[in-house]
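The block underneath contains the structure these notes are about, expressed in structure tokens.
Atoms considered below: every heavy atom in the structure, side chains included; atoms not considered: hydrogens, waters and symmetry mates.
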Amino acid sequence: MYDYDLLVVGSANADLVVGVERRPGAGETVLGGDLAVHPGGKGANQAVAAARLGARTALLARVGDDGHGRLLLDSLRSAGVDTAAVLTGGAPTGVALITVDPSGDNSIVVSPGANARLTEGDVRAELLGAARVVSAQLEIPPATVAAVVRALPESTRFVLNPSPPRPLPAGVLAACDPLVVNEHEARVLLGDGETGDDPADWARRLLALGPRSVVVTLGAKGALVCDASGVRAVPSVAVAAVDTTGAGDAFTAALAWRLGAGEDLPVAAAYAARVGAAAVTRRGAQESYPTAAEVAALGA
């Protein structure tokens, strides 16, 4: 019935990565290592992560007619992603400027480029209807995400990682099943300075905003899942982190795929946590994503 297990609607960027001993403060210059250029962007990352796990995956995105765009298309196709819906032109390919410190933590600035030209008119109902699950992020225009929700068939599940975070319309929130956030995204969406330090409370308060379910990712501590039945903790796997770039995208992709395969939310999130843990043990985003066999072997 479905052509795809997962359709990702989102961004495609070239990641320009520099290793630093420490990330600079305001007005400060620090020296870094050699520049590395990797295929990235939250949408392309999710698509590659899901395809590498074995999901039938497609991407709706826009890249520039340039070297960075060709780099992204090559990476997507190599992973097995259907790129028929990846549009070309309108602006240069989006770029993410990333610094990574010795602990593996990163800071990112994104220049959207062609991602900002992915419009409501590029959203086709027949493409959405060909997928069990549609996943989106916020590195594309909010109006395009809203158009996805309006055109989404009732039988297709919608997963949203609101990154970079911003207030969401009620209609978009109501479609999320789940809304997937990290600590920073949770605090922004809750919209106050008194969020507190209890992730379970964040999850309950986020659910009260209208999504059907919520997942709060907690890095090495795993995740929390929350729906009408309550909040449950999901463990992760202890690993030596090398680079956290793109790990959240790997988590979301794996979660969306396993939900589409019929797993319940805690089981799918536990698998996604293992995928995210595997991803942080290697440098880069898309290059770090594991196969299903590598996930199965993790911690075995």
More than 12 heavy atoms from other groups under 6.0 Å of [atom1] on [X]:
{"X": "Leu35", "atom1": "CG", "result": "yes"}
{"X": "Glu21", "atom1": "CD", "result": "no"}
{"X": "Asp74", "atom1": "CG", "result": "yes"}

Of all the heavy-atom pairs spanning [X] and [Y], show the shortest one and how long it is.
{"X": "Val149", "Y": "Gly171", "result": "CG1-O, 3.7 Å"}
{"X": "Val30", "Y": "Pro24", "result": "CG2-CD, 3.9 Å"}
{"X": "Gly80", "Y": "Ala51", "result": "C-CB, 4.2 Å"}
{"X": "Ala253", "Y": "Ala50", "result": "CB-N, 4.0 Å"}
{"X": "Arg232", "Y": "Asp227", "result": "NH2-OD1, 2.9 Å"}
{"X": "Ala278", "Y": "Leu298", "result": "N-CD2, 3.9 Å"}

_Arg187/Asp197 salt bridge by N-O under 4.0 Å criterion_ =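 A salt bridge is present here (some side-chain N lies under 4.0 Å from a carboxylate O).
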*If you measure from the Lys or Arg side-chain nitrogens to the Asp or Glu carboxylate oxygens, is any gap between Asp101 and Arg22 under 4.0 Å?*
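Arg22 and Asp101: not salt-bridged.
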*Following the transitive rule for hydrophobic clusters with a side-chain heavy-atom cut-off under 4.5 Å over Ile, Leu, Val, Met, Phe, Trp and Tyr, establish whether Val18 and Val242 coincide in one cluster.*
no
_Residues clustering with Ile108 (ILVMFWY side chains joined when closer than 4.5 Å, directly or via others)_ =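 Val17, Ile98, Val100, Val110, all in the cluster of Ile108.
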_Which residues end up grouped with Leu6 if you chain together Ile, Leu, Val, Met, Phe, Trp and Tyr wherever their side-chain heavy atoms are less than 4.5 Å apart?_
Val8, Val48, Leu59, Val63, Leu72, Leu73, Leu76, Val81, Val86, Val133, Val159, Val180, Val215, Val225, Val234, Phe251, Leu255, Leu259, Leu265, Tyr289
_Within the 3.5 Å criterion, strictly below it, is a donor on Asn161 or Glu185 matched to an acceptor on the partner's side chain?_
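Yes, side-chain donor-acceptor contact under 3.5 Å.
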Whether [X] side chain and [Y] backbone form a donor-acceptor pair below 3.5 Å:
{"X": "Arg117", "Y": "Gly113", "answer": "yes"}
{"X": "Ser236", "Y": "Gly222", "answer": "no"}
{"X": "Thr156", "Y": "Ala131", "answer": "yes"}
{"X": "Arg274", "Y": "Val295", "answer": "yes"}
{"X": "Arg62", "Y": "Gly89", "answer": "yes"}
{"X": "Arg166", "Y": "Leu138", "answer": "yes"}

Less than 4.5 Å apart, any side-chain heavy atom of [X] and any of [Y]?
{"X": "Pro141", "Y": "Thr119", "answer": "no"}
{"X": "Arg70", "Y": "Asp65", "answer": "yes"}
{"X": "Asp122", "Y": "Val9", "answer": "no"}
{"X": "Pro92", "Y": "His68", "answer": "no"}
{"X": "Val275", "Y": "Pro290", "answer": "yes"}

*Could you walk me through whether Ser155 and Tyr2 pass the side-chain contact (heavy atoms from CB on, under 4.5 Å) test, one step at a time?*
CA-CA 11 Å; Ser155 60; Tyr2 295 100; 3.4 Å; yes
Once rounded to the nearest 0.5 Å, what's the spacing between atom [atom1] of [X] and atom [atom2] of [Y]?
{"X": "Leu189", "Y": "Leu173", "atom1": "CG", "atom2": "CG", "result": "7.5 Å"}
{"X": "Lys42", "Y": "Thr252", "atom1": "NZ", "atom2": "OG1", "result": "7.5 Å"}
{"X": "Asp201", "Y": "Leu206", "atom1": "CG", "atom2": "CG", "result": "9.5 Å"}
{"X": "Leu127", "Y": "Leu7", "atom1": "CG", "atom2": "CG", "result": "4.5 Å"}
{"X": "Arg56", "Y": "Asp5", "atom1": "CZ", "atom2": "CG", "result": "4.0 Å"}
{"X": "Leu179", "Y": "Phe158", "atom1": "CG", "atom2": "CZ", "result": "9.5 Å"}

*asked:* Please list all pairs meeting side-chain hydrogen bond (donor to acceptor under 3.5 Å, both in side chains) that have one or both residues in residues 208-220, counting only residues at least two apart or in different chains.
replied: Asp177-Ser213
*Would you sort out whether Arg204 and Val231 count as a side-chain contact (heavy atoms from CB on, under 4.5 Å), showing the intermediate values?*
CA-CA 7 Å; Arg204 286 187 287 265; Val231 180; 3.6 Å; yes
*asked:* For a side-chain contact (heavy atoms from CB on, under 4.5 Å) check, start with the C-alpha distance between Val239 and Val280, then their side-chain angles and the critical distance, and finish with the verdict.
replied: CA-CA 8 Å; Val239 296; Val280 304; 3.6 Å; yes
_Candidates Leu97, Val95, Asn115 - the one meeting side-chain contact (heavy atoms from CB on, under 4.5 Å) with Asn13_ = Asn115
*Decide side-chain hydrogen bond (donor to acceptor under 3.5 Å, both in side chains) for Thr99 and Arg23; before the verdict, give the C-alpha distance in whole Å, the side-chain angles of both, and the deciding distance to 0.1 Å.*
CA-CA 7 Å; Thr99 59; Arg23 287 170 284 172; 5.1 Å; no
*Hey, mind stepping through Glu183 and Lys221 against salt bridge (Lys or Arg N to Asp or Glu O under 4.0 Å) and telling me if it holds?*
CA-CA 12 Å; Glu183 176 179 348; Lys221 297 179 181 178; over 6 Å; no
*Step by step, would you call Leu160 with Leu168 a side-chain contact (heavy atoms from CB on, under 4.5 Å)?*
CA-CA 11 Å; Leu160 178 67; Leu168 296 170; 3.8 Å; yes
